[in-house]
Peer 1: 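So that we are looking at the same thing, I have put the structure below in structure tokens.
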Amino acid sequence: MKQNVVILLLFFSSFGYSQKKEMVEAFRNGDLKKAIALAAKTISIDSTDIDANLMLLKAYNEKGDFPNALSFLKQCERLADKDWVKSWVAIESIKTYFGLGNIDEAKKAFFEANEIKGTENSLKELKYIGLLLGFDKTYEDWKIRTSDNIRFHFEGTISNEEMDRIVSTRQNAFQEINIFFDSRLPKKIDFFVWNQKDPYNEHLKTNLGFTKANFCVSHNRHDQSPGHEIAHSISFWKNFDNNRTKFINEGIGVYFDLQKNDKMHLGRQTFRRNPVDIKAVWKNQQRVADEVLYPISGAFVDFLIRYDKLKFLKLVEKQSYDSAERIYEGKIEELINLFYIELQK
């Protein structure tokens, strides 16, 4: 009997490890639904499992479901008993409060997290979050302006005239784009404007512009298009319970960049020089250079909106190729072929 109990305990230990490994892999691969389901299964057996509770906190933050994240934040704060765990929980608390629009509480959590002795990786993540959300000392001399829907963060060397221009054009862009989507964002967009022309940003270690739509945060060069990054946040919050693909998501950004140009014309020019297999790029994530992907995907979004706006709005929420087959009632390949014909005109 004793031997059977030992074997059973070993089985459950192995099962738990295997399930947690699968949970982490799902999160790493962006499959938040699976990660949440596996973590929820674990805490249904043991509600005090800190790994599963922390995974739920992280996954809900990444998903943009901040009210649910808040409930697991409180549980994680109760369960965290080691500094390295407290460090990771504190980092997630910054995200949760920021996502809820409680900026003062998020800033307070950021400074408190800096007082905790974390791991090398947690400290790197904390530095990144500070830079992403505007709490790092890098922003001490930046200027903040607000409009109805956007909180602007301007690098200190940008002139007042340029700030006035950007505030006006971006707020107008928000209103124009959201007439189409009718989204409800949980907070103002935090719109960071760097006074540089070089795409690469030394502080953030990546190219500008980019958007973390779940947090309604964009980092931009001062001379970028008015609408592209704003469109990413607005379209994400059409329904935060979404799945996104680069092909459709960047197509949305290009179509709604509010540049006065002909998207189909730009798509045709690019396609003639660089013909691509749209199904392979969309369904199989075949890698294509951005200078090719962007104009072709923008033209494709133009085509789909003209074909059926209501179906396209459903596609905004569920952007996978398989979802498109359902939304367009088995006609998506036919539509792609019609799009090829338009590209070749």
Side-chain angles (χ1 to χ4, degrees), residues 22-23 25-41 59-60 62-65 68 177-186 211-214 228 231-257 263-264 267 271 275-288 290 292-344:
E22 188 180 0
M23 176 180 75
E25 285 299 317
F27 181 84
R28 188 175 296 157
N29 294 330
D31 191 346
L32 299 179
K33 186 176 181 179
K34 183 177 180 180
I36 288 169
L38 290 168
K41 185 176 180 180
Y60 280 124
E62 191 65 22
K63 185 178 180 180
D65 188 348
N68 260 325
I177 294 166
N178 208 29
I179 287 172
F180 182 90
F181 289 102
D182 192 28
S183 298
R184 299 290 183 269
L185 280 66
T211 293
K212 285 288 289 180
N214 54 329
H228 187 116
H232 283 321
S233 286
I234 291 175
S235 60
F236 178 93
W237 285 99
K238 179 67 180 170
N239 179 0
F240 73 84
D241 187 17
N242 59 52
N243 64 60
R244 292 182 293 166
T245 62
K246 184 173 182 179
F247 182 67
I248 297 299
N249 200 46
E250 292 304 338
I252 291 168
V254 171
Y255 180 81
F256 289 98
D257 63 15
K263 307 305 182 192
M264 282 303 303
F271 189 79
V276 299
D277 182 337
I278 287 171
K279 183 175 180 180
V281 172
W282 186 1
K283 184 173 185 176
N284 303 325
Q285 305 295 305
Q286 184 182 85
R287 293 178 68 88
V288 177
D290 285 350
V292 176
L293 176 76
Y294 280 44
I296 292 175
S297 63
F300 188 60
V301 166
D302 183 338
F303 172 81
L304 291 178
I305 289 172
R306 286 185 285 112
Y307 175 75
D308 190 320
K309 176 184 172 180
L310 293 179
K311 281 186 169 61
F312 175 75
L313 285 170
K314 292 180 182 177
L315 183 67
V316 168
E317 300 179 23
K318 305 295 181 184
Q319 296 180 10
S320 72
Y321 185 88
D322 292 341
S323 295
E325 287 189 316
R326 292 188 293 273
I327 292 166
Y328 291 94
E329 299 167 340
K331 295 180 180 178
I332 195 62
E333 284 202 38
E334 179 183 334
L335 289 172
I336 290 172
N337 288 331
L338 288 172
F339 178 62
Y340 283 142
I341 292 170
E342 282 214 23
L343 288 178
Q344 292 162 4

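Heavy atoms only: backbone and side chains are in, while hydrogens, waters and symmetry mates are out.
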Peer 1: Dump the intermediate steps for ring pair (Phe, Tyr, Trp, His ring centres under 6.0 Å) on Tyr307 and Phe312, then the final yes or no.
Peer 2: CA-CA 9 Å; Tyr307 175 75; Phe312 175 75; over 10 Å; no
Peer 1: State, yes or no, whether a side-chain contact exists between Glu250 and Val301 at a heavy-atom distance under 4.5 Å.
Peer 2: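 No, side chains not in contact.
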Peer 1: Between Asn243 (side chain only) and Gln319 (backbone N and O only), is there a donor and an acceptor less than 3.5 Å apart?
Peer 2: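 Confirmed, Asn243 side chain pairs with Gln319 backbone.
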Peer 1: Is the NZ atom of Lys314 crowded by more than 12 outside heavy atoms at less than 6.0 Å?
Peer 2: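 Not more than 12 within 6.0 Å, no.
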Peer 1: Quick check: do Ile179 and Ile177 have side-chain heavy atoms less than 4.5 Å from each other?
Peer 2: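 No, every pair of side-chain atoms sits at 4.5 Å or beyond.
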Peer 1: Does the ring centre of Phe271 sit less than 6.0 Å away from the ring centre of Tyr340?
Peer 2: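 Ring centroids of Tyr340 and Phe271 are less than 6.0 Å from each other.
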Peer 1: Could you state the interatomic distance from OG (Ser235) to CG (Asn242), rounded to the nearest 0.5 Å?
Peer 2: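 One gets 8.5 Å once the value is rounded to the nearest 0.5 Å.
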Peer 1: Spell out, as yes or no, whether a donor-acceptor pair under 3.5 Å connects the side chain of Ser183 to the backbone of Ile234.
Peer 2: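 Indeed, once roles are kept as given, a pair shorter than 3.5 Å links the two residues.
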Peer 1: How long is the gap from NZ on Lys283 to CG on Asp277, to the nearest 0.5 Å?
Peer 2: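 That separation rounds to 11.5 Å.
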Peer 1: Decide yes or no on salt bridge (Lys or Arg N to Asp or Glu O under 4.0 Å) for Lys311 and Asp308, but give the supporting numbers first.
Peer 2: CA-CA 6 Å; Lys311 281 186 169 61; Asp308 190 320; 3.6 Å; yes
Peer 1: Should Ile336 and Tyr321 be marked as a side-chain contact (heavy atoms from CB on, under 4.5 Å) after you check the CA-CA gap, both sets of side-chain angles, and the distance that decides it?
Peer 2: CA-CA 11 Å; Ile336 290 172; Tyr321 185 88; 3.9 Å; yes
Peer 1: May I have the step-by-step check of salt bridge (Lys or Arg N to Asp or Glu O under 4.0 Å) for Arg306 and Glu342, ending in yes or no?
Peer 2: CA-CA 13 Å; Arg306 286 185 285 112; Glu342 282 214 23; 3.3 Å; yes
Peer 1: Between Asn284 (side chain only) and Gln286 (backbone N and O only), is there a donor and an acceptor less than 3.5 Å apart?
Peer 2: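 No; judged by distance alone, with no hydrogens or angles, the pair does not exist.
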Peer 1: Which class fits the ring pair Phe240 and Trp237: parallel under 30°, tilted 30 to 60°, perpendicular over 60°?
Peer 2: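 Phe240 vs Trp237 ring planes: tilted.
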Peer 1: Does Asn337 use its side chain to pair, donor to acceptor, with the backbone of Glu333 at less than 3.5 Å?
Peer 2: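 Checking the backbone N and O of Glu333 against the side chain of Asn337, a donor-acceptor pair under 3.5 Å is found.
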Peer 1: Classify the ring geometry of Phe303 against Phe339: parallel below 30°, tilted from 30° to 60°, perpendicular beyond 60°.
Peer 2: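 Correct class here is tilted.
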Peer 1: Answer yes if the ring centres of Phe247 and Phe300 are under 6.0 angstrom apart, and no otherwise.
Peer 2: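 Under 6.0 Å, so yes.
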Peer 1: Within the structure provided, determine whether Glu317 and Leu315 are in side-chain contact (heavy-atom separation under 4.5 Å).
Peer 2: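 A side-chain contact is absent here, since even the closest heavy-atom pair is not under 4.5 Å.
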Peer 1: Given 3.5 Å as the limit, does a donor-acceptor pair link the side chain of Lys246 with the main chain of Gln285, or not?
Peer 2: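 Between the backbone of Gln285 and the side chain of Lys246 there is no qualifying donor-acceptor contact (under 3.5 Å).
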Peer 1: Ignoring hydrogens and geometry, is there a side-chain-to-backbone donor-acceptor pair from His232 to Thr211 under 3.5 Å?
Peer 2: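 Checked: no pair found.
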Peer 1: Start with the C-alpha distance between Lys34 and Glu22, add both sets of side-chain angles, then the distance that settles salt bridge (Lys or Arg N to Asp or Glu O under 4.0 Å), and finish with yes or no.
Peer 2: CA-CA 9 Å; Lys34 183 177 180 180; Glu22 188 180 0; 3.2 Å; yes
Peer 1: Could you check if a side-chain atom of Leu304 sits within less than 4.5 angstrom of a side-chain atom of Tyr328, using non-hydrogen atoms only?
Peer 2: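 Yes, at least one pair of side-chain atoms sits under 4.5 Å.
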Peer 1: Hey, are Glu25 and Arg28 close enough for a salt bridge, meaning a charged N less than 4.0 Å from a carboxylate O?
Peer 2: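 Looking at Glu25 and Arg28, the cut-off is met.
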Peer 1: Restricting to non-hydrogen atoms, name the atom on Asn214 and the atom on Phe236 that form the minimum distance, rounded to 0.1 Å.
Peer 2: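 Asn214 and Phe236 have their closest heavy atoms at CA-CE2, 3.7 Å.
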